[in-house]
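In listed order, ligands and their atoms are each counted from 1.
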Amino acid sequence: MNKERYLLVVSGPSGAGKDTVVSRLLQMHPELEESVSATTRQPRAGEEEGVNYFFMTNDQFEQKIARGEMLEYVNYCGNYYGTPKSEVDRRIDAGITVVLVIEVVGAANIKRMYPDSTLVFIMPPSVEELGRRLRARGTEDADVVARRMDRAREEMARAGEYDFSVVNDQVDRCAEELYEIIKRRQQA
Ligand code: 5GP
């Protein structure tokens with residue numbers, strides 16, 4: 001089978017609950033693995049190096065770009081985010097389904113490089129609910145929340161570029177829908 005089919009790319013606006021859905025997916029189906037991204041943003045409380053992200057300085061990130069070690073990267077709200085090649089290549093070569101949780105520009109770049117990858121967009125139940133979840137999280141101050149809401153509207157406008165879009169009205173159901181999508185694609 002084409003190894004690109006082992007790539008599942010998940011996007012959705014900040015606050016849509018995509019991290020929660022993907023955690024649930026990996027809990028239910030531990031044979032799937034998540035790619036750990038690199039970022040220059042500051043760790044949030046409780047985030048761990050090498051688990052949530054590889055946290056690095058601008059210089060370190062730019063060195064990785066220069067060495068060709070990033071499969072894709074973007075500047076998102078003032079910070080670099082990128083997928084290290086090492087997180088993806090060895091897994092798809094071994095036939096392990098790897099899940100990338102990345103924003104829309106990175107997802108489009110992956111699709112260009114890997115046309116047989118599967119792109120799924122996670123929608124919040126509504127924009128109002130999205131705003132409520134972002135504020136309730138309390139990890140970002142008001143102007144960051146406002147910027148993320150703007151970015152969320154832009155991102156949702158691009159959901160049509162994805163192979164599938166699913167509504168996160170209920171975490172378990174949404175996680176199972178993701179699993180069905182990737183399995184169906186792999187069996188096709
Ligand atoms: P956060 O700061 O909330 O963890 O992430 C901000 C946005 O960056 C989210 O939409 C997240 O999915 C995205 N992101 C995280 N890692 C990557 C990556 O490696 N590449 C790209 N293109 N986006 C990423």
Side-chain angles (χ1 to χ4, degrees), residues 7-26 33-58 60-65 67-89 91-92 98-114 117-124 127 130-131 133-159 161-162 165-166 168 174-175 178:
L7 256 175
L8 173 63
V9 179
V10 177
S11 303
S14 186
K18 58 189 184 301
D19 292 316
T20 315
V21 169
V22 169
S23 302
R24 193 77 194 101
L25 171 71
L26 299 176
E33 295 185 8
E34 185 172 359
S35 159
V36 178
S37 293
T39 186
T40 58
R41 90 148 157 70
Q42 291 300 309
R44 294 188 188 122
E47 283 185 333
E48 280 179 58
E49 166 67 20
V51 176
N52 303 92
Y53 281 105
F54 297 108
F55 294 99
M56 46 185 79
T57 62
N58 254 33
Q60 287 170 325
F61 200 104
E62 285 170 358
Q63 274 168 25
K64 280 198 158 287
I65 298 171
R67 288 198 296 261
E69 291 171 12
M70 288 295 178
L71 188 57
E72 60 77 33
Y73 67 92
V74 291
N75 198 298
Y76 176 95
C77 297
N79 286 299
Y80 278 125
Y81 291 82
T83 308
K85 280 187 180 159
S86 56
E87 285 292 301
V88 171
D89 291 349
R91 292 188 173 115
I92 59 176
V98 54
V99 188
L100 268 56
V101 184
I102 64 178
E103 54 65 68
V104 289
V105 177
N109 288 334
I110 294 284
K111 190 70 176 177
R112 213 166 298 123
M113 290 184 277
Y114 299 108
S117 58
T118 304
L119 267 57
V120 181
F121 194 89
I122 298 195
M123 284 282 192
V127 175
L130 184 74
R133 287 183 191 174
L134 272 182
R135 284 187 299 275
R137 191 154 77 180
T139 49
E140 269 96 12
D141 51 31
D143 68 317
V144 176
V145 170
R147 260 201 294 166
R148 283 181 179 242
M149 281 298 286
D150 286 345
R151 182 80 185 210
R153 286 192 196 89
E154 285 167 32
E155 293 199 352
M156 286 192 282
R158 296 184 62 172
E161 297 169 27
Y162 284 66
S165 126
V166 298
N168 179 20
C174 190
L178 275 182

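Of all the heavy atoms of Ile102, the ones lying under 4.0 Å from any atom of ligand 1 are found in both the backbone and the side chain. At a heavy-atom distance under 4.0 Å, only side-chain atoms of Tyr53, from C-beta outward, approach ligand 1.
In this structure, Lys64 contributes its side chain and Pro84 its backbone to no donor-acceptor pair below 3.5 Å. Not a single donor-acceptor pair under 3.5 Å links the side chain of Asn168 to the backbone N or O of Ile122.
Taking 4.0 Å as the cut-off between side-chain N and carboxylate O, Lys111 and Glu161 do not count as a salt-bridged pair. Using a 4.0 Å cut-off between a side-chain N of Lys or Arg and a carboxylate O of Asp or Glu, Arg91 and Glu87 qualify as a salt bridge.
Using a 30° and 60° split on the angle between ring planes, Phe121 and Tyr162 fall in the perpendicular class, above 60°.
Residue Gly82 has at least one N or O atom closer than 3.5 Å to an N or O atom of ligand 1. Checked against a 3.5 angstrom limit, the closest N/O atoms of Arg148 and ligand 1 fall inside it. Ligand 1 has an N or O atom lying under 3.5 Å from an N or O atom of Ser37, backbone or side chain. Between Tyr81 and ligand 1, an N or O atom pair is found at a separation short of 3.5 Å. For ligand 1, the polar-atom distance check against Val101 finds a nitrogen or oxygen pair separated by under 3.5 Å.
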Would Tyr73 and Thr83 count as a side-chain contact (heavy atoms from CB on, under 4.5 Å) if you check the C-alpha gap in whole Å, the side-chain angles of each, and the deciding distance to 0.1 Å? CA-CA 6 Å; Tyr73 67 92; Thr83 308; over 6 Å; no
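Contact annotation: Arg44 has at least one heavy atom less than 4.0 Å from an atom of ligand 1.
Atoms of ligand 1 found under 4.0 Å from any heavy atom of Arg41, numbered from 1 in the order shown, are 1 (P), 2 (O), 4 (O). The contact set between ligand 1 and Val74, taken as ligand atoms under 4.0 Å from a residue heavy atom, comprises 21 (C), 22 (N). With ligand atoms numbered from 1 in the order given, ligand 1 contributes 19 (O) to contacts under 4.0 Å with heavy atoms of Thr83. Within the listing of ligand 1, atoms 22 (N) sit less than 4.0 angstrom from a heavy atom of Gly106.
In terms of heavy-atom proximity, Ala38 sits nearest to Met56 at CB-CE, 3.8 Å. Here the closest non-hydrogen pair linking Tyr76 and Glu155 is CE1-OE2, 3.5 Å.
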